[in-house]
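Read the structure below first, then the notes.
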Amino acid sequence: KYWQAFLESCRHSKYYPGLMTILLTGVRLEEATKLEVRDFDLEGRILTVRAEVSKTGDRRNLALVESLCIVLLGRLPKSGVAFPYYWPRCQRQVKKWLTEIGVKDATGLGLGLYTLRHGFGTEAVKHFGTFEVQKMMGHASIQTTSKYVHIDELAVEPERMDQIFRHTGGAQSLSQDSNGKKVTQK
């Protein structure tokens with residue numbers, strides 16, 4: 001819910017394309033600062049994080065959402081470094097925007113550009129497996145990915161679990177008796 005408000009806050013900023021790229025791809029700040037225009041295939045909707053740019057030294061391809069491609073299409077330079085910003089100033093501005101919209105620091109690192117990466121991890125794991133998110137974020141270890149991911153205490157509804165494991169419980173089901181107490185039925 002915060003991310004739409006964040007993107008709206010910075011929509012007219014020169015930092016918008018870079019911030020949107022971090023939030024919607026999960027690239028590290030250090031990687032974002034080294035991305036070049038040639039790394040973006042807007043037609044194929046792929047961002048290539050080159051091995052020499054990646055923290056782990058591994059090349060990875062990341063999907064680009066359509067809305068990000070549209071923004072980048074009109075705002076990337078013709079060549080060279082994709083986001084030629086003074087990033088420390090950007091970091092201060094990001095902290096201000098996040099504070100204004102009420103984002104809380106769930107990482108212990110303070111609000112800032114890493115908050116966007118954490119936001120990506122949290123949203124991505126709701127729709128993809130943890131191992132997929134690990135690859136997207138470029139983590140060597142699943143334990144590192146788990147630090148970036150903040151999941152609600154009960155993230156999966158019991159009904160969804162029933163659908164997955166419906167063949168393991170026999171013909172029993174839970175229902176309520178006349179007093180509202182859960183009882184097992186065959």
Side-chain angles (χ1 to χ4, degrees), residues 1-11 16-36 39-73 76 82-83 94 97-98 101-109 111-168:
K1 64 183 180 181
Y2 289 114
W3 304 118
Q4 284 182 326
F6 172 77
L7 290 173
E8 191 56 41
S9 297
C10 65
R11 183 172 308 283
Y16 185 64
L19 297 175
M20 196 172 178
T21 298
I22 293 171
L23 179 61
L24 298 178
T25 66
V27 296
R28 296 173 178 89
L29 172 60
E30 298 81 19
E31 295 168 341
T33 63
K34 297 174 186 170
L35 291 174
E36 295 182 6
D39 298 326
F40 291 88
D41 173 3
L42 299 181
E43 190 174 305
R45 296 178 46 190
I46 299 291
L47 167 60
T48 300
V49 180
R50 291 171 281 118
E52 62 270 21
V53 169
S54 172
K55 178 181 177 182
T56 60
D58 296 324
R59 177 178 182 237
R60 66 187 195 277
N61 291 321
L62 303 172
L64 295 173
V65 297
E66 185 176 28
S67 59
L68 177 56
C69 290
I70 291 167
V71 167
L72 294 175
L73 191 60
L76 278 178
F83 310 118
V94 166
W97 284 320
L98 291 171
I101 63 171
V103 173
K104 304 290 184 228
D105 177 18
T107 66
L109 299 172
L111 293 176
L113 291 163
Y114 280 125
T115 309
L116 304 182
R117 184 164 156 82
H118 282 261
F120 170 82
T122 300
E123 288 302 310
V125 84
K126 291 176 184 176
H127 305 281
F128 301 99
T130 308
F131 291 107
E132 291 172 296
V133 176
Q134 174 190 2
K135 295 297 179 196
M136 286 185 246
M137 296 184 78
H139 292 148
S141 163
I142 197 71
Q143 284 79 15
T144 305
T145 306
S146 68
K147 293 176 189 175
Y148 278 75
V149 176
H150 307 284
I151 304 174
D152 297 331
E153 188 175 325
L154 187 60
V156 178
E157 310 83 35
E159 294 79 15
R160 187 167 174 207
M161 293 298 290
D162 288 344
Q163 290 175 349
I164 295 168
F165 297 107
R166 68 180 172 265
H167 302 293
T168 62

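Keep in mind it's a predicted model, so treat the numbers as computed, not measured. What's counted below: heavy atoms across the whole structure, side chains too, no hydrogens, waters or symmetry copies.
Counting heavy atoms from C-beta on, the side chains of Val94 and Phe6 come closer than 4.5 Å. Counting only heavy atoms from C-beta outward, the side chains of Leu68 and Thr25 approach each other to under 4.5 Å. The shortest distance between side-chain heavy atoms of Arg117 and Met137 falls below 4.5 Å.
Interatomic distance, CG of Leu98 versus CG of Leu116, reported as 6.0 Å (0.5 Å rounding). Interatomic distance, CD1 of Ile142 versus OG1 of Thr145, reported as 4.5 Å (0.5 Å rounding).
Under the side-chain hydrogen bond (donor to acceptor under 3.5 Å, both in side chains) criterion, Glu43 pairs with no residue at all, not counting sequence neighbours. Partners of Asn61 under the side-chain contact (heavy atoms from CB on, under 4.5 Å) rule, at least two apart in sequence or in another chain, are Ile46, Thr48, Arg59. Residues meeting the side-chain contact (heavy atoms from CB on, under 4.5 Å) test with Phe40, sequence neighbours left out: Thr21, Leu35, Leu42, Leu47, Leu64, Leu72, Leu76, Ala82, Phe83. Remark: Phe128 pairs with Ala124, Glu132, Val133, Met136 by the side-chain contact (heavy atoms from CB on, under 4.5 Å) rule, at least two apart or across chains. Residues meeting the side-chain hydrogen bond (donor to acceptor under 3.5 Å, both in side chains) test with Arg45, sequence neighbours left out: none. When the side-chain contact (heavy atoms from CB on, under 4.5 Å) test is applied to Thr33, the partners found at least two apart in sequence or on another chain are Leu29, Trp87.
Remark: Glu30 does not engage Arg28 in a salt bridge, criterion side-chain N to carboxylate O under 4.0 Å.
Of all heavy-atom pairs spanning Leu7 and Tyr16, the tightest one is O-CE1, 3.4 Å. Taking every heavy atom of both residues into account, Thr56 and Gly138 meet most closely at CG2-O, 3.1 Å. Closest of all the heavy-atom pairs between Ala51 and Gly57 is CB-O, 3.3 Å.
Between the side chain of Gln134 and the backbone N or O of His139 there is at least one donor-acceptor pair closer than 3.5 Å. With hydrogens and angles ignored, the 3.5 Å screen pairs a side-chain donor or acceptor of Ser146 with a backbone N or O of Gln143.
The number of heavy-atom neighbours closer than 6.0 Å to CD of Glu52, taken from other residues, nucleotides and ligands shown, is above 12.
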